[in-house]
Trainee: 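Just passing along the structure, written as structure tokens.
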Amino acid sequence: MQALPLDFRKLRVGYWLGAALLLLVAAVLAGLIHPLGGHRVYVPPSVWQLPLDAAWSLERMVSAYILSLAFSISVGMYIARNEKARKIILPILDILQSIPIVTFFPAALAVAVRLFGGGRLGFEIGAIILIFTSMAWNMAFSVYESVRMIPRDMLEAAESFGIRGLQKFVTLLLPACVPGLLYNSIVSWAAGWFALSACEILQVGNQSVPLPGLGSFLAEAAQSKHHAIELNLLGVAVLLGVILLLDFFLWRPLAHWAERFRNELTVSTMTRGGTGVAGWYQHGAIPRLIVRSVLLPLNKGVNWAVARVHGSAKRLVLPRVAPPAPLLRAYEFLQRMIGWLVLAAIVICGGYYCFAVVHHHLPALAWEIPAAIGSSFLRILLAYVLSLCWIIPVLLWARTRPRAMRLLSSLAQTLAGMPPIALTFLVVGLFVHHLQFGPRWGVELAGLVLLMNGVQWYVLFNMIGGISRIPGDLVEACGAMGLSRWMRFRRLLLPAILPSLFTGTLTAFGGGWNTLIFSESIAYQGHYYSVLGIGWLLDVASSGSNPPIASGVPLPAGQAKALLLAGVACLIVVIVILNRLVWKRLQAWAADRFRIEY
Amino acid sequence: MLMELVNVSKVYQTDGPPATILADVNFAVDAGQFVCVVGQSGCGKSTILRLINGLLPVTTGKVLFKDKPLSGINLQCAMVFQNFALLPWLTVQQNVMLALEARGMELEAAKKRAAFYIDKVALDGFENAYPRELSGGMKQRVGLARAMAVEPELLLMDEPFSALDPLTSINLREELLDIWADPNLAVSTVVMVTHIIEEAVEMADRVVLVAGRPGRIVADIEIAMPRPRQKHSEQFTRYVDSIFSLMAEC
């Protein structure tokens, strides 16, 4: 199978894929052996539990990621090649991508528990689905865009040489997706870690069920009576350690390898200079020994299997014989009818159900929704502007310093994955209790810091890309014309980064809406703090009690559902309007007006 | 007759009114001929190649290959693209072998065949290089090797030298003519699209001139000159001038 670009003999990735697979199998086995059911309500966090917690969290992340990969490749490829499906699926993906994941929680959990029972397995699968909802959408978009960006002559060449079916998928479509998919995988992993704490403490009725993991460790540490700060910092350190290890062992070698799938010769900010483990094992004897004795045989097996599948699939490719036209038309008609019927059934039944619930059970709290969304929006806007205030000067300073740029990019990738719960404890402790800002402004300030953590890394991420794409000759030309610093900023640098700034805005606001639920509704050491906002309202609605803590007053089941539906519906409307009418237009305008091309 | 276009027209369905690209195109290619299709950019000459290959369906009329009407991709043709269209993640050898694998050729045989044609285009030693490591001329050699490796009965070339610098394109043109003239190599019939008239007169047995909107064939000129052709000869200049004046008339 020399011609397969995914030749596992040549890929270092093969080793890591194999290792990931082993890890997954081990985790599944462990999950089966582990007794189901008997979930705890509150267990004081134990330090000795930490390595196991980290392993559990990693297992959930890996499982959710594999699910996301499968989803994004199949759906992305499908909508890239099917125009009708695209018209329906793209807007749905667009909405799914920009609404806060917490709104999926009740539904995802209900599905998992229905299918797999209310024991440990059901909750585990529920948690994995929740993490999946924070990972999958941007990856699907990237597959779709990558396939659409394949140059026309390349597709024509493949077609004219009779390359189709699996061979086309493996040699053309899939490789074309690799760079975009990898970049988005890194973003998705950050989003997954970010959502982890919320995904590992599941709300069943008004009871919270913590699954063993880093996220629940952090959440419990924040409530712990003793050594809260130490436990919190320890949890953060372990989480950072896991993120950095993954970066070194997985993402850097992968980014290095993915360079070859790039179509154009642009400077990549993704590789960040180092090659991580790829370079390390080339120089070390022990790592090489491990690779040779364990991973290489495993890799051979995978290779053999791939060759088999590829070979047999090739034999299955039949010459294209078109069925008679009337039959084909009848088939297509049937297919279309079934599609529309299913769609109509979903829309009508779903719409009726939602309407009935909202109509009969809407609590008085729902009248707060407009004010809540408004104030939440202002908070995100403030966090966004504050982020820009530090990011632009820092980037301008770092622009000519490659080391600083690489450091910033690492920082953004690592800290974007820091779950809010990891910061909540420290921030609330600082503003509310230590600096005595009081429950109103202290919580606002603490929430602002948390929001900035959810917003700024996306801005930074996108702007690093934008700034490193500014052509060197333009900078030189400005220097040669003797432009002052201010003039150079106003005439060259600012216009050149505007497109990526607005792209970043779109994702940053997505991140912001996602963070609200953690920044507007905070449980801290037996206290509960909240500010008026959609994050707080949704937290109340999805946990079914007001305030959303164990000692809160439970809302009647119908009311909680109605509040959640109404809140989510309003939020979706606002987000879609903002995206369509503001951010996308600004983005398109900037991308057109300030495009750099020759 | 190896290939024949009979009363072919092509209409593109765009968002606006349908655009007629080609109308009443009739022309035939005999086995062993080297035919150049020339015309200004946008006249539909690249579309003709894609119709012959079956990449695009004709709107009316038909494409005959060995007297049989064509439907779908014609795997007995192979195309060389203007911008090479090599897969950047495959090596030279893998790029050349790709089409052979698609035809179900055994791995060892495909390797051997690929090595033979890589050698023919003077790229031996670069089998394991990736396209980005090659110059433009070398990339187009890979494109040529890939097309020849399937041993097509008809080789289609879409402005194959336009993206290359002048010196490289002169060399590659001469090599292509050598390959075409080599009785040991399978490639004997070529249809090449170009907008450079000198290139067409230097290489072709026949020059087909496409002009107008929609594009029609306005002239079909036999180049009766011995090979290798002297570019500075009076006869050569006369051919070039007459084609230029025909083009200007349209």
Side-chain angles (χ1 to χ4, degrees), chain A residues 1-7 9-11 13 83 146 149-179 182 257-266 307 310-322 325, chain B residues 46 49-50 52-56 71-108 110-111 114-115 127-133 142-143 146-147 149-150 152 154-156 158-159 163:
Chain A
M1 286 288 97
Q2 194 69 46
L4 274 177
L6 294 175
D7 187 338
R9 275 167 301 187
K10 289 217 182 116
L11 297 193
V13 193
E83 209 169 326
S146 302
M149 294 289 275
I150 296 176
R152 213 178 71 119
D153 60 349
M154 229 180 252
L155 284 170
E156 275 185 342
E159 205 181 335
S160 90
F161 285 109
I163 293 154
R164 58 178 197 248
L166 188 68
Q167 197 193 9
K168 185 175 172 189
F169 179 75
V170 175
T171 53
L172 178 60
L173 301 179
L174 202 54
C177 295
V178 167
L182 183 65
W257 165 76
E259 279 301 297
R260 77 162 70 169
F261 293 101
R262 274 180 189 282
N263 229 334
E264 78 284 4
L265 290 164
T266 49
H310 186 71
S312 56
K314 210 160 59 184
R315 255 173 270 130
L316 277 176
V317 176
L318 297 169
R320 273 189 283 195
V321 181
Chain B
S46 287
L49 274 197
R50 279 158 180 73
I52 296 174
N53 200 171
L55 281 170
L56 294 172
S71 69
I73 301 286
N74 185 351
L75 287 181
Q76 280 147 316
C77 293
M79 177 107 85
V80 177
F81 292 83
Q82 181 176 1
N83 292 313
F84 325 127
L86 302 175
L87 298 185
W89 39 80
L90 298 186
T91 63
V92 168
Q93 190 193 28
Q94 290 170 336
N95 262 298
V96 175
M97 281 170 59
L98 198 61
L100 301 177
E101 272 199 273
R103 282 161 175 73
M105 192 184 263
E106 285 301 318
L107 190 66
E108 284 311 310
K111 261 187 194 166
E127 288 88 350
N128 294 318
Y130 287 95
R132 79 189 51 199
E133 298 158 9
V142 181
R146 175 175 68 177
V150 305
L154 178 57
L155 181 66
L156 305 171
D158 186 10
E159 305 207 16

Trainee: Give, as side chain, backbone, both or neither, the part of Ala176(A) having an atom under 4.5 angstrom from any heavy atom of chain B.
Mentor: both
Trainee: Look at Ala99(B), Ala78(B), Ser71(B) and state which one has the largest set of heavy-atom pairs under 4.5 Å with chain A.
Mentor: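 Looking at each of Ala99(B), Ala78(B), Ser71(B) in turn, Ala99(B) comes out on top.
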Trainee: Take Glu159(A) and Ile73(B), measure what side chain to side chain contact (heavy atoms under 4.5 Å, CB included) needs, and give me the verdict at the end.
Mentor: CA-CA 7 Å; Glu159(A) 205 181 335; Ile73(B) 301 286; 3.7 Å; yes
Trainee: Can you tell which part of Arg146(B) gets under 4.5 Å to a heavy atom of chain A, answering side chain, backbone, both or neither?
Mentor: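 Contact with chain A is through both the backbone and side chain of Arg146(B).
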Trainee: Under the salt bridge (Lys or Arg N to Asp or Glu O under 4.0 Å) rule, collect the residues that match up with Glu156(A), sequence neighbours excluded.
Mentor: Arg152(A), Arg50(B)
Trainee: Can you tell which part of Asn53(B) gets under 4.5 Å to a heavy atom of chain A, answering side chain, backbone, both or neither?
Mentor: side chain
Trainee: Mind listing the closest non-hydrogen atom pair of Pro88(B) and Met154(A) along with its distance?
Mentor: CD-CE, 3.7 Å
Trainee: Can you tell me how far CE of Met79(B) sits from CZ of Phe161(A), rounded to the nearest 0.5 angstrom?
Mentor: 8.5 Å
Trainee: Restricting to non-hydrogen atoms, name the atom on Ile163(A) and the atom on Ala102(B) that form the minimum distance, rounded to 0.1 Å.
Mentor: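 In terms of heavy atoms, the two residues are closest at CG1-CB, 3.6 Å.
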Trainee: Indicate yes or no for a side-chain donor-acceptor contact from Trp89(B) to the backbone of Leu172(A) under 3.5 Å, with no hydrogens or angles considered.
Mentor: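 No; judged by distance alone, with no hydrogens or angles, the pair does not exist.
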Trainee: Which heavy atom of Thr171(A) sits nearest to which heavy atom of Leu87(B), and what is that distance?
Mentor: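 Taking Thr171(A) first and Leu87(B) second, the nearest heavy atoms are O-CD1, 3.4 Å.
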